Structures are given as C-alpha cells and as structure tokens.
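Quick notes on the structure that follows.
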Amino acid sequence: MLTKSDSALVIAGHGSTLNPDSSGPTWALAEEIRRRGVFGEVHCAFWKEEPSLRQILHCVDRAHVYVVPNFISEGYFTKTVIPRELDLGDGVTRIGRHVVKYCEPVGNHPRMTELLLKRAAEIAPGVPPEKTSLFIVGHGTDLNENSAVAAKREVDRIAALGRYREVLSGYMEEAPLISEWDKLSTSPNVVVVPFFISDGLHSYEDIPVLLGIATESPGAASANRTSVFAKNPYHLRGRTLYYASSIGTEAGFAEVILDQVAAFDARHPA
Amino acid sequence: MMRDTTLELERWLQAGGKTAGQICITRASEGWELRHTEDAQREDLTTFSKYEDARALANLDDAGAFRPLKTAPNLRHGWRLVLPDAHAVCLALDYFYPAMVGVWLAHRDGEVTPVDLHDTLARQTGMYRITQKLTDEQAQRLIARQCRSNGGCLKTILWRIRENISVPLLPPEKFRADATPAGALPLLCQEACNFVVAAARKMVKDETPLAL
C-alpha cells in the first residue's frame, strides 16, 4: 500500500462560480484519501473556486507535494492553466520551500474504463448489454481539445471487450452530436454515461436537453439535479434510454489518484 | 524545518485569537466552538460536531444561494460547530475561509509575493485574455465594487493595480495587513482572484464594444 506520510497531496479541480455541487466530488475524494492516512496532508485547489491554485502552496506544510489534476482529459487545463497558475515546469519543480510533483490527470488512468462500465451497469440493471448501445459523452471544444480524444479512447477500450452491441462516442459541441443519439445507434436500449468528473450544468441540463429528456428552461439545472437521474428509463424515439450521472463520485477514484502518484514515482525514481 | 499549521493556529488561539472573518471561536468544555459572530448570544443554534460539516455550512448563504467566494460577508447564521482540537479547527477554517490560515502564516514568514493586477491579467489565456485591455481607471472602479468589505469581500488586499496606481474609492486600511484588529485572523489577498478576473472580462466586454 502506498504510504506518503512525509508528503502532501493536492487534488486540483475545476470548480465553479455558479454550481454549488461542482467541487463536491473533489472534496469527497480529498476526505476519503485523508481518512486512509496515506499522505501527511491532503488539500484541494481549484481554478474557479477557493482555495485557488495560486494560494494552495501557502497551505502546505510538507516540502514534497504531489499535484493530481482531477480532470478527465489532458488538455487546456492540465497542460496550460494548472502549470501556469502553479508556476510548474515538467515533472518535478522546486518552488520556494516546496518540491512539486505534477502527476497525470485521473482521466488518463486505465481504470476509467472499469468505472464507466460500472456506472453503465448500475443505471440499467438487468438490461442485456448485447441488446444495448452504450454512449460515452464528452464535451468536445477547441479549448479542451483532448476531451473528445479521451471519450473516444474509452469507447475503443469498451468496444474491444465485446460486451455491448455497440459502443459510441457523442459530444455536446462537435460531431458526432449526442443530440442525434437515435440516428447514431441501432439497439432497442440506449445507455448514456457522461464522461465528466462532476455533475453540473452539463449533466443536469445541457445533455438532458440534447437527449430530448428535458426541456430548456431557466433554472432547469436545479430542478433536474436529482429528478433527471431518478426518472430512468426514458421511453422516446422508439427506444428505451437510460441516463447516468457523471463518474467523478465513484469510490474507485481514490485508488486512481493514488495510482497516479505511484506512477509519477515510477517515472521519476528518487 | 517543516511548518506546523495546527501548532501555529493553536498558539494563535491560546494567545487570544478569537475571530476569523464572520466566525467567532471560543473555548468549549472539550475543545473549541465556532459560530457566526452575530449569533454570539443566540441559544437556538443547530449543533454540528464534525469539521467536514463546515463545507456545507460555508457553501450556501441564509437564503440558500451558493457562496462561490467564501470571504464574501454573507456567511449563513443559525449553527454552532463544536470541534475537539486545533487540528479540527484548522480543517474547518479551511472550508470556511479557504487558504486563509496558510496565507496568513506564509505572509508572516515573508513567503508571500503579492502580484499586481496587471501582471495577473497579463498571464490570462483563453476567454480571459481580453482582460488585458482593462484600463487603470476601470480597474479602480472594478476593485471598489468587487472587493469592498461591505458586500464584496472581507480580505485585505496586498496587491496593487500597478505601481503608483491606488484605489481611492476604498479606505486605506483595506490595503494594510497590519490594520487587522487584535484577536482577528488576518484574511489576506495576495493576488486578484478569479472573481475579479471574471468581472474584469465582463467590464471590458460591456464597456468596449469593439473588444467583442
């Protein structure tokens, strides 16, 4: 078991100025890892919330600090924003009294496949995968250029297992558009799992509207917060559709964080 | 030598530290009690006993609205949080006022280098790059509105807009770390936060039509 009592862990998340639930999964992860006593101290830092990435090193007592981005994809935030805000170089960076070790984002971990499959099975219990199309939904934008890549990678991995009749990617802002799920898929059952860290405007409102299971209206996100997942399955467009919540709340994420730290050490032997 | 934040906070409490922002901290029969300063005399408070409860208590205001800026002067009322030791107080304060204990200690130890607003804006990329067009006059109005202690943010500002550019619309003590009253935990701002940067973006877009 990983023991790092002489080191600190910082989990870096996006956060939100609008959504009170956005940072929840990152805080829950920090509490879970703190409970396990693996690190001497555990902190969170955010781009859009406090503590900010600019403040966080002032809060860390120990010299050695592992920073793990709680992001699905390698891209704008993990390659540009986090390194810039923390003044990081590649790999190990000495900053004042700290030695900062910048790890791979959680979304790069092979275990994401297992967590997506678990979420898909939970949301559609008893539904045979061989009669089901599984969609993995990514964001897909110019700024997050790799979010689509991450979703496609998971689609390929799950498809290779041969369990589901078909495994497809769908995006909010680029083709193939998730709004065309019924044209893209052929099975009577359709399971949709957003490949996001936390539930928020995208999973409460944007994707349900694109799927056709919710209507666009001001405040829909707060109204849909729990109900959009509780109303499964949805019968529309001649299919049975199951819509899952984001995977960032899965308990397995704690192991993924610890694995990313261990992987960093393996790449950078002392 | 490694810093020990818990020990430092314990020393501060024992030396008479009693408030942090809108929270008063008092001795309890076993440990410490935190509550809203305006609830000091109330007896109808809901009791909480885990430091993790601080996250929920800090997250929403009295009306149930999200508080993205935890140092905004709108902490909810009606609770008391009883904690066993200084370590738990430390963790709770990190939820109520994220990073403020750490920044205070770092500032005391000479480790904080405040960053001018224009340097903060100069390093922005993506949708915030436009904030580099913010003028000094706009920055003065922006800070006066966003950072004022009555309704904006309780932190003391350590940074400048740029050299020789002050913010005349805010009182001088808003910028003086040594103006923190005795017994109060200094809430220090080393650099304009994301909320100021986001507000700068809106101001530039609203007031400079060609910037769109």
Side-chain angles (χ1 to χ4, degrees), chain A residues 5-8 10 14-24 26-28 30-32 34-35 40-64 75-77 79-81 83-85 87 95-98 141-144 200 221-222, chain B residues 1-8 50-52 55-56 58-61 64-72 87 90-91 93-113 115 120 123-128 155 188-195 197-199:
Chain A
S5 54
D6 60 342
S7 298
V10 172
H14 190 284
S16 167
T17 55
L18 301 172
N19 171 16
D21 302 328
S22 172
S23 58
T26 303
W27 285 116
E31 289 298 346
E32 170 61 24
R34 196 176 273 160
R35 264 192 293 277
E41 51 189 306
V42 181
H43 302 269
C44 294
F46 300 95
W47 168 229
K48 291 277 195 175
E49 287 182 49
E50 303 166 296
S52 72
L53 294 159
R54 300 292 287 179
Q55 298 168 315
I56 196 61
L57 288 180
H58 291 317
C59 305
V60 178
D61 286 349
R62 284 157 183 79
H64 289 263
Y76 179 62
F77 290 105
K79 293 288 193 191
T80 302
V81 173
R84 182 191 74 208
E85 296 295 292
D87 285 329
I95 303 170
R97 61 188 170 88
H98 294 109
T141 66
D142 293 340
L143 212 53
N144 284 287
S222 52
Chain B
M1 208 176 96
M2 192 186 95
R3 194 181 75 190
D4 188 334
T5 299
T6 297
L7 184 64
E8 298 284 2
K50 298 197 298 284
Y51 77 84
E52 299 98 312
R55 182 173 125 71
N59 215 31
L60 306 175
D61 65 14
F66 181 38
R67 299 177 66 236
L69 180 64
K70 298 296 184 275
T71 42
H87 183 56
C90 216
L91 293 168
L93 286 178
D94 260 348
Y95 277 129
F96 282 119
Y97 295 115
M100 289 297 95
V101 174
V103 172
W104 161 57
L105 292 172
H107 182 260
R108 184 201 65 181
D109 296 343
E111 295 172 357
V112 171
T113 307
V115 179
T120 302
R123 70 161 202 278
Q124 300 303 313
T125 54
M127 65 188 277
Y128 296 110
K155 289 194 198 95
L188 304 175
C189 182
Q190 68 191 61
E191 180 170 357
C193 65
N194 190 276
F195 304 97
V197 175

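Being a predicted model, the structure only gives us computed values, none of them experimental. Below, chains carry the letters A, B, ... as their sequence lines are ordered, and counting in each starts from 1.
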Give the minimum heavy-atom separation between Pro51(A) and Ala99(B), together with the two atoms involved.
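What the structure gives for the nearest pair is CB-CB, 3.8 Å.
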Kindly give the heavy-atom pair with the smallest separation between Met2(B) and Asp61(A), and that separation in Å.
CG-O, 3.3 Å
Cationic N near anionic O, under 4.0 Å, Glu50(A) to Lys70(B):
no
Just do the side chain to side chain contact (heavy atoms under 4.5 Å, CB included) check on Glu85(A) and Arg123(B) with the steps written out, would you?
CA-CA 9 Å; Glu85(A) 296 295 292; Arg123(B) 70 161 202 278; 2.8 Å; yes
Measure the spacing between [atom1] of [X] and [atom2] of [Y] and express it to the nearest 0.5 Å.
X	Y	atom1	atom2	result
Ser23(A)	Arg55(B)	OG	CZ	4.5 Å
Phe195(B)	Glu49(A)	CZ	CD	7.0 Å
Glu41(A)	Thr5(B)	CD	OG1	7.0 Å

Side chains of Glu191(B) and Gln55(A) in contact at under 4.5 Å (non-hydrogen atoms):
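SC-SC contact between Glu191(B) and Gln55(A) ruled out.
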Contact part of [X] toward chain B, heavy-atom cut-off under 4.5 Å: side chain, backbone, both or neither?
X	value
Glu31(A)	side chain
Thr17(A)	both
Thr80(A)	side chain
Leu18(A)	backbone

I'd like to know whether NE2 of His98(A) has more than 12 heavy-atom contacts from other residues, nucleotides or ligands below 6.0 angstrom.
yes
Let's test your reading of the structure: which of Val103(B), Thr125(B), Asn59(B) forms the most heavy-atom pairs below 4.5 Å with chain A?
Thr125(B)
Checked Asp94(B), Leu69(B), Asp109(B) vs chain A; the most non-hydrogen pairs under 4.5 Å come from Leu69(B)
Engaged part of Tyr95(B) at the chain A interface, taking heavy atoms whose separation is under 4.5 Å
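Interface part for Tyr95(B): side chain.
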Please state whether the side chain, the backbone, both or neither of Glu111(B) comes within less than 4.5 Å of a heavy atom of chain A.
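For Glu111(B), backbone and side chain are both near chain A.
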Answer yes or no: is there a donor N or O on one side and an acceptor on the other, between the side chain of Arg3(B) and the main chain of His58(A), under 3.5 Å?
yes
Would you please test Val115(B) and Arg54(A) for side chain to side chain contact (heavy atoms under 4.5 Å, CB included) and show each step?
CA-CA 10 Å; Val115(B) 179; Arg54(A) 300 292 287 179; 4.0 Å; yes
